[in-house]
Amino acid sequence: MEVPAGFLLVSLLLFSFAATGYGITFSSLPRSLVVTTSPTQGQGEEQITVTWALNQTFPAGTDSAYRTVKVKLCYAPISQKDRSWRKTEDEMKKDKTCQHKIVSRPYSASNNSFSWTIMRDIPSATYFVRAYVFNAEDHEVAFGQNTNAERATNLFEVQAITGRHASLDIASVCFSAFSIVALAGFFYMEKSKGKASQQK
Amino acid sequence: MDISQNLEKNDRKFALPVDSEHKATEFRLFSMATPHMRAFHLSWISFFSCFVSTFAAPPLLPIIRDNLDLTATDIGNAGIAAVSGAVFARIAMGTACDLFGPRLASSSLILLTAPAVFLSAIANSPAAFLMVRFFTGFSLATFVSTQFWMSSMFSPAVVGTANGLSGGWGNLGGGATQLIMPLVYSLIHSHIGSTKFTAWRIAFFIPAVFQTLSAFAIFFLGQDMPDGNYVRLEKSGEKHKDNFSQVFYHAITNYRGWILALTYGYCFGVELTIDNIIAQYFYDRFNVNLHTAGIIAASFGLANLFSRPGGGILSDVVAKRFGMRGRLWTLWVVQMIGGFLCLLLGKVGSLTASIVVMLVFSVFVQAACGLTFGVVPFVSRRYVLSPVC
């Protein structure tokens with residue numbers, strides 16, 4: 001009875017693929033990684049060091065499907081307030097909490113560490129760090145974060161560059177002044193034209 | 001001496017056929033002849049540049065909101081500020097046109113608001129962002145000078161077409177900017193290599209310079225009336241110089257102006273509101289990416305290429321057969337349909353249906369604007385445009 005068994009296996013595989021392919025929710029992921037960062041609470045420095053490892057309290061074999069780890073910089077609730085483009089949604093496809101990738105590494109149970117220099121285009125906000133674990137099909141299967149479940153502890157702030165330069169400031173002001181001076185020039189020219197036609 | 005001078009003026013050759021007031025009785029789109037068609041091209045291009053400047057921020061908001069740490073409330077308020085300043089500016093503009101002529105009035109306003117666009121490049125906080133959007137929005141009052149100028153240059157038979165085209169092609173700027181600004185931004189960001197937060201700032205110089213150049217063009221190449229500029233005509237006695245309080249009093253006591261103001265608020269006002277929020281609507285409701293949302297947003301404003309002028313032309317066409325009554329009835333029907341489509345847009349749940357409804361809605365709401373301005377020149381011959389806008 002090879003054919004029916006084979007068929008059953010394929011359909012099971014397909015079903016499991018479909019089940020994990022769509023609608024993966026954050027709440028379904030086990031928190032099986034321990035993530036720590038330094039510097040910790042409240043500081044803004046140029047470098048963050050992130051370490052992650054498997055939580056040893058989980059049963060052995062939990063990590064049999066783990067293949068890659070992606071560490072991301074995520075917005076804390078205070079920076080999400082009144083900003084729907086950073087909203088947390090349970091469905092992973094729609095979730096916009098973690099928008100900045102720090103690093104992507106193949107999975108290993110311990111001894112993982114990465115020093116990250118904060119990119120220049122990271123906006124000013126309060127953040128925490130979360131690591132997602134992916135299986136061979138590139139679906140999320142677990143996560144870890146350096147803050148608690150309410151995302152209220154171990155948060156840190158990043159101060160962005162303004163993007164302004166002295167040359168820009170000067171150019172802006174000069175062009176503006178030029179516009180006003182040109183306007184005054186227009187009025188003066190118009191007045192003299194008026195006088196000229198009166199004399200005609 | 002006087003008689004021969006008068007004869008000379010009446011015999012003056014115009015490129016287009018004119019009526020007794022020297023207003024053109026024909027509209028030739030591809031001509032640049034002074035003074036009529038040149039006035040048309042100067043006015044729609046300068047109005048277009050004001051729209052580009054006023055709506056330059058929305059397509060770059062994903063970058064700006066991160067740079068200035070804006071909340072959704074900040075963004076909403078800035079959008080309202082951008083279009084509300086123009087309300088009072090337009091009233092003042094009408095009076096300015098009556099007193100100084102459209103050429104000087106529009107070039108002055110454009111030069112006065114250009115600094116707001118230049119200074120947008122150095123905005124550093126939500127408050128600063130709101131201020132620059134507010135003052136830039138004043139430039140939308142050039143609409144009044146555009147319509148006033150067209151009404152001075154074109155006869156009743158073609159004024160609807162002239163007004164519709166100049167207004168519509170100006171409004172086009174609100175759609176074009178959704179394509180122009182991201183393009184300019186990405187050129188600066190990738191080719192010159194500026195960081196994101198610097199590139200958007202440099203990008204704002206483009207609409208600002210464009211706006212300034214258009215003011216120069218109007219001042220040096222334009223003229224107020226077919227026979228010349230106000231200052232020359234007034235000093236030589238050919239044009240009666242109006243008194244401000246007289247003008248204003250007659251404007252605000254004309255009930256027709258108030259009715260049209262109300263209906264216009266609900267077609268053009270709706271159009272501006274949509275300009276401000278449509279990209280965000282598609283982004284949030286249907287989860288399209290920002291690029292796609294920008295293109296959809298642009299297509300709403302780009303319909304102005306034909307829809308608002310279409311309204312103006314339609315107004316002239318029905319007027320030939322049915323006169324003013326035809327103009328008014330057509331305005332009512334088109335605006336009603338626009339209203340129903342607006343309600344429908346909020347109800348549809350799929351992306352495709354939303355886009356289709358939005359496109360049809362854009363045509364009707366913009367045509368209603370064009371139809372409104374087929375009526376406005378007839379509100380009062382003398383105090384043409386102070387009240388409505």
Side-chain angles (χ1 to χ4, degrees), chain A residues 75 78-87 89 91 93-96 99-100 119-126 157-187 189-200, chain B residues 61-63 65-75 100-101 103-104 107-124 194-202 204-205 208-209 211-212 215-216 218-220 228-236 280 283-284 287 290:
Chain A
Y75 292 106
I78 188 154
S79 289
Q80 291 176 302
K81 193 163 157 227
D82 204 9
R83 292 178 178 89
S84 53
W85 55 93
R86 296 176 183 169
K87 215 164 138 197
E89 296 271 357
E91 197 178 321
K93 269 198 163 55
K94 292 191 179 166
D95 182 45
K96 293 180 178 146
Q99 294 184 17
H100 307 283
M119 300 289 294
R120 294 176 79 191
D121 58 359
I122 301 292
S124 292
T126 312
E157 275 180 32
V158 171
Q159 199 73 42
I161 54 167
T162 60
R164 281 174 66 177
H165 294 278
S167 52
L168 251 173
D169 289 4
I170 294 171
S172 235
V173 172
C174 282
F175 274 93
S176 304
F178 170 72
S179 304
I180 305 297
V181 167
L183 181 61
F186 284 6
F187 272 102
M189 277 192 270
E190 201 67 1
K191 252 212 157 90
S192 20
K193 257 192 239 169
K195 283 206 189 102
S197 64
Q198 207 171 26
Q199 281 161 8
K200 265 199 199 137
Chain B
L61 266 175
I63 320 291
R65 69 190 176 196
D66 279 342
N67 194 183
L68 303 183
D69 203 20
L70 303 175
T71 62
T73 311
D74 291 330
I75 294 172
F100 306 115
R103 173 178 152 264
L104 206 56
S107 54
S108 305
L109 179 67
I110 293 173
L111 282 178
L112 280 173
T113 50
V117 192
F118 283 116
L119 294 173
S120 304
I122 59 177
N124 224 10
S194 310
T195 61
K196 275 167 37 174
F197 291 169
T198 304
W200 78 261
R201 294 172 183 279
I202 301 176
F204 264 81
F205 276 80
V209 169
Q211 200 176 314
T212 311
F216 274 76
I218 292 177
F219 183 77
F220 289 109
N229 287 318
Y230 271 31
V231 70
R232 191 184 69 79
L233 296 171
E234 280 165 9
K235 293 269 190 272
S236 62
Q280 245 176 311
Y283 181 78
D284 289 337
N287 275 310
L290 271 155

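Predicted model, so just to flag it, every value in this text is computed and none were measured. In what follows, chains are A, B, ... by sequence order, proteins preceding strands, each numbered from 1. These values consider heavy atoms only, across backbone and side chains, with no hydrogens, waters or symmetry-generated copies.
- Proximity to chain A is limited to the side chain of B:Phe220, based on heavy atoms less than 4.5 angstrom apart.
- Comparing B:Ile202, B:Asn67, B:Leu68 by heavy-atom pairs within less than 4.5 Å of chain A, the highest count is held by B:Asn67.
- With respect to A:Asp169 and B:Arg201, no salt bridge is recorded, no charged nitrogen being found less than 4.0 Å from a carboxylate O.
- In the displayed structure, A:Ile180 atom CD1 is contacted under 6.0 Å by more than 12 heavy atoms of other residues, nucleotides or ligands.
- With a 4.5 Å cut-off on non-hydrogen atoms, B:Thr212 touches chain A through its side chain but not through its backbone.
- With a threshold of 4.5 angstrom between heavy atoms, A:Lys94 approaches chain B through side-chain atoms but not through N, CA, C or O.
- In this structure, B:Ile110 CD1 and A:Ser179 OG are separated by 11.0 Å, a value rounded to the nearest 0.5 Å.
- Neither the backbone nor the side chain of A:Ala125 comes within contact range of chain B; no heavy atom of the residue lies under 4.5 Å from a heavy atom of that chain.
- Aromatic ring orientation, A:Phe186 versus B:Phe219: parallel (interplanar angle below 30°, classes split at 30° and 60°).
- Proximity of A:Arg164 to A:Ser172: side-chain heavy atoms (C-beta onward) are nowhere separated by under 4.5 Å.
- Not counting sequence neighbours, the partners of B:Thr113 by the side chain to side chain donor-acceptor pair (under 3.5 Å) test are B:Gln211.
- Between chain A and the options B:Leu119, B:Ile75, B:Thr198, B:Thr195, heavy-atom pairs under 4.5 Å are most frequent for B:Thr198.
- Legend: residues meeting side chain to side chain donor-acceptor pair (under 3.5 Å) with B:Thr71, ordered by chain and number and at least two apart, are A:Asp82, B:Asp74.
- When each of A:Ser84, A:Ala171, A:Ser176, A:Cys174 is scored by its heavy-atom pairs under 4.5 Å with chain B, the top score falls to A:Ser176.
- In this structure, chain B has a heavy atom under 4.5 Å from the side chain of A:Ala160, while its backbone stays farther away.
- Per-residue heavy-atom pair counts under 4.5 Å with chain A were compared for B:Leu70, B:Ile63, B:Val209, and the maximum is reached by B:Leu70.
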